[in-house]
Amino acid sequence: MEIIFYHPTFDTPYWIAELSKKLPGARIRGWERGDNAPADYALVWHPPVEMLQGRALKAVFALGAGVDSILSKLKANPEMLPLSIPLFRLEDTGMGIQMQEYAVSQVLHWFRRFDDYQALQRESTWQPLADYTHDEFTIGIMGAGVLGSKVAESLLAWGFPVRVWSRSRKSWPQVTSFAGDAELGEFLRGTRVLINLLPNTAETVGIINASLLEQLQDNSYVLNLARGVHVVENDLLAALDSGKLKAAMLDVFSREPLPKESPLWLHPRVTMTPHVAAVTRPQEAIAYIAQTITQLERGETPSGQVDRVRGY
Ligand SMILES: NC(=O)C1=CN([C@@H]2O[C@H](COP(=O)(O)OP(=O)(O)OC[C@H]3O[C@@H](n4cnc5c(N)ncnc54)[C@H](OP(=O)(O)O)[C@@H]3O)[C@@H](O)[C@H]2O)C=CC1
Ligand SMILES: O=CC(=O)O
C-alpha cells in the first residue's frame, strides 16, 4: 500500500515514522512537486491541486476537523478529487478535550466575573460584585456535532443550563435541542453565552451577524471556536459597543493572521487566541487514520467520511 503525505507545517518525517509503526506493510512518503507515482491514500492539509488530481486514490484524509479549505479548493477545481473518492476528516482525535478546556475556562471566567474584576483592578478599585447564578447563564452551542457535544457535556458538568442548535434534532439528557432555521430565534432568545462550533458552509458563513446578535439576551457573551468567516466582525464590534454584548473571546478570524490594523486587537472587551482552540494531536490522529485505513482495506465503512454535498 502506498501513502502520500502533505502538510505545509507539520514534521513530515515524524508523521511518516509514527504512521509506519501503525501500518507496517505500508510505504509512506512525503509528497513533493513532480511526484506522480501511484498512491492508494493521501493525507493532506491545504494540498496543491496537482497532488491529488488524476490519482486513483482509495481515500483522502484531511489532517484536521474542518474541511472548508479543501472543499473550497475542490469547488474551484472539481477534477482534483472526483466524488467517488471518499474524503475523511479527523473526528475528535484529542480535539474534544481541548475544546472542553477552552470553553469551560472561558465560561467560568465570565461567570465568576473575572473580566469585571480585572477592569476594577486596573482602576485600583476594591469592589465585591453581585454573583451571577447558573440560571441566568444559559449556554447556547451552535453546532452539536463531535466537538459541540463534547463542549455541551463539560458545561453541563459545571451546572450550566445547556441548549444546542443544529440541523437535526438531538435527544441528549439535560440538553435542550433546537433544530433548523425555524428554531434559531427561540434558541438565541434564551442564550446568554453563545458558543460557535459550526462548520464553515454556504449556509453558515456570516451567520453571527447584527440580526443574530440582536436576538441574544442583553449582556451576552460570544465564544467563537469554529471559523472566523462565521462572524461579521464589524457587527460584533457594534454589538459590543452598544452594550448588547458584554464580551467576546475569539480563536478564529476572517483573515488569519489577524491584520495589525484590526480594531479587534485593542477592543477592551475582546480577548483572543491565534487559532489554537484545538490542534491536531499527532498520536491520536495517526491512530485514527491507521484504524480507518485498516477498516477500508477490510471493506468496512468507517466513520469520519465527509458528506461533500452537505459541506461537512
Ligand atoms: N478553532 C479550532 O482550533 C478548531 C475549529 N474547528 C471547527 O469546528 C467545526 C466543528 O467541528 P465538529 O464538531 O467536528 O463538526 P461536526 O461536523 O461533527 O458538527 C457540525 C455540527 O454543525 C451542525 N450544522 C451544520 N450545518 C448547520 C446548519 N446550516 N444549521 C445548523 N446546524 C448546522 C451539524 O448539524 P447536524 O448534527 O444536524 O448534522 C452538526 O451538529 C469544524 O468544522 C471546524 O471548522 C475544529 C477543530 C479546531
Ligand atoms: O481548525 C482546525 C481544524 O482542525 O479544523
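We count ligands from 1, going down the list as the structure has it; atoms in each ligand are counted the same way. All values below come from the heavy atoms of this structure, side chains included, with hydrogens, waters and symmetry mates left out. Note that this is a predicted model, so its numbers are computed, not measured.
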Which of the numbered atoms in ligand 1 are below 4.0 angstrom from a heavy atom of [X]?
{"X": "Y312", "result": "17 (O), 25 (C), 26 (N), 34 (C), 35 (O), 36 (P), 39 (O)"}
{"X": "D251", "result": "1 (N), 2 (C), 3 (O)"}
{"X": "G143", "result": "21 (C), 22 (O), 41 (O)"}
{"X": "H275", "result": "1 (N), 2 (C), 3 (O)"}
{"X": "M95", "result": "47 (C)"}
{"X": "V252", "result": "1 (N)"}
{"X": "L197", "result": "8 (O), 10 (C)"}
{"X": "E203", "result": "29 (N)"}

So does [Y] get a backbone contact from the side chain of [X], meaning a donor-acceptor N/O pair under 3.5 Å?
{"X": "T204", "Y": "P199", "answer": "yes"}
{"X": "Y117", "Y": "L129", "answer": "yes"}
{"X": "T125", "Y": "Q127", "answer": "no"}
{"X": "S262", "Y": "P259", "answer": "no"}
{"X": "E136", "Y": "T133", "answer": "yes"}
{"X": "H267", "Y": "L264", "answer": "no"}
{"X": "R89", "Y": "G64", "answer": "no"}
{"X": "E233", "Y": "S254", "answer": "yes"}
{"X": "Q291", "Y": "A287", "answer": "no"}
{"X": "K244", "Y": "L216", "answer": "yes"}

Can you check whether [X] has an N/O within less than 3.5 Å of an N/O in ligand 1?
{"X": "T204", "value": "no"}
{"X": "N200", "value": "no"}
{"X": "W165", "value": "no"}
{"X": "V146", "value": "yes"}
{"X": "A144", "value": "yes"}

[atom] [closest protein heavy-atom partner, distance rounded to 0.1 Å]:
{"atom": "atom 40 (C) of ligand 1", "answer": "G145 N, 3.7 Å"}
{"atom": "atom 48 (C) of ligand 1", "answer": "A278 O, 3.2 Å"}
{"atom": "atom 27 (C) of ligand 1", "answer": "R167 CG, 3.2 Å"}
{"atom": "atom 14 (O) of ligand 1", "answer": "R89 NH1, 2.8 Å"}
{"atom": "atom 24 (N) of ligand 1", "answer": "L198 CD2, 3.7 Å"}
{"atom": "atom 44 (C) of ligand 1", "answer": "R227 NH1, 3.7 Å"}
{"atom": "atom 4 (O) of ligand 2", "answer": "A65 N, 2.7 Å"}
{"atom": "atom 42 (C) of ligand 1", "answer": "G66 CA, 4.0 Å"}

Pick one: which of K75, K73, R227 meets salt bridge (Lys or Arg N to Asp or Glu O under 4.0 Å) with D68? R227

I want to know if ligand 2 touches [X] in the polar sense, i.e. an N/O pair below 3.5 angstrom.
{"X": "H275", "answer": "yes"}
{"X": "W45", "answer": "no"}
{"X": "M95", "answer": "no"}
{"X": "G66", "answer": "yes"}

Are the charged groups of [X] and [Y] less than 4.0 angstrom apart, N to O?
{"X": "R113", "Y": "D131", "value": "no"}
{"X": "E297", "Y": "K58", "value": "yes"}
{"X": "E186", "Y": "R189", "value": "no"}
{"X": "R269", "Y": "D115", "value": "no"}

Looking just at side-chain N and O atoms, do T273 and Y102 make a donor-acceptor pair shorter than 3.5 Å? yes

Does a side chain donor of either H275 or D251 reach within less than 3.5 Å of an acceptor in the other side chain? no

Could you tell me whether L147 approaches ligand 1 through its side chain, its backbone, both or neither, with non-hydrogen atoms closer than 4.0 Å? both

Answer with side chain, backbone, both or neither: which part of L225 has a heavy atom less than 4.0 angstrom from an atom of ligand 1? backbone

Flag this pair as yes if the NZ/CZ of R192 is under 6.0 angstrom from the six-membered ring centre of Y132 and inside a 45 degree cone about the axis; otherwise no. yes

Heavy-atom proximity to atom 37 (O) of ligand 1, best of E91, M99, K170, K150: K170

Among P199, S166, A226, P274, the residue with a heavy atom nearest to atom 22 (O) of ligand 1 is P199

Test item, M142 contacting ligand 1 (heavy atom, 4.0 angstrom): no

Of all the heavy atoms in T201, does at least one lie under 4.0 Å from an atom in ligand 1? no

Give a yes or no on whether the ring-centroid distance for F111 and Y221 is below 6.0 angstrom. no

Near G64 (heavy-atom distance under 4.0 Å), the atoms of ligand 2 are 4 (O)

Hey, is R227 touching ligand 2 through its side chain, its backbone, both or neither, going by heavy atoms under 4.0 Å? side chain

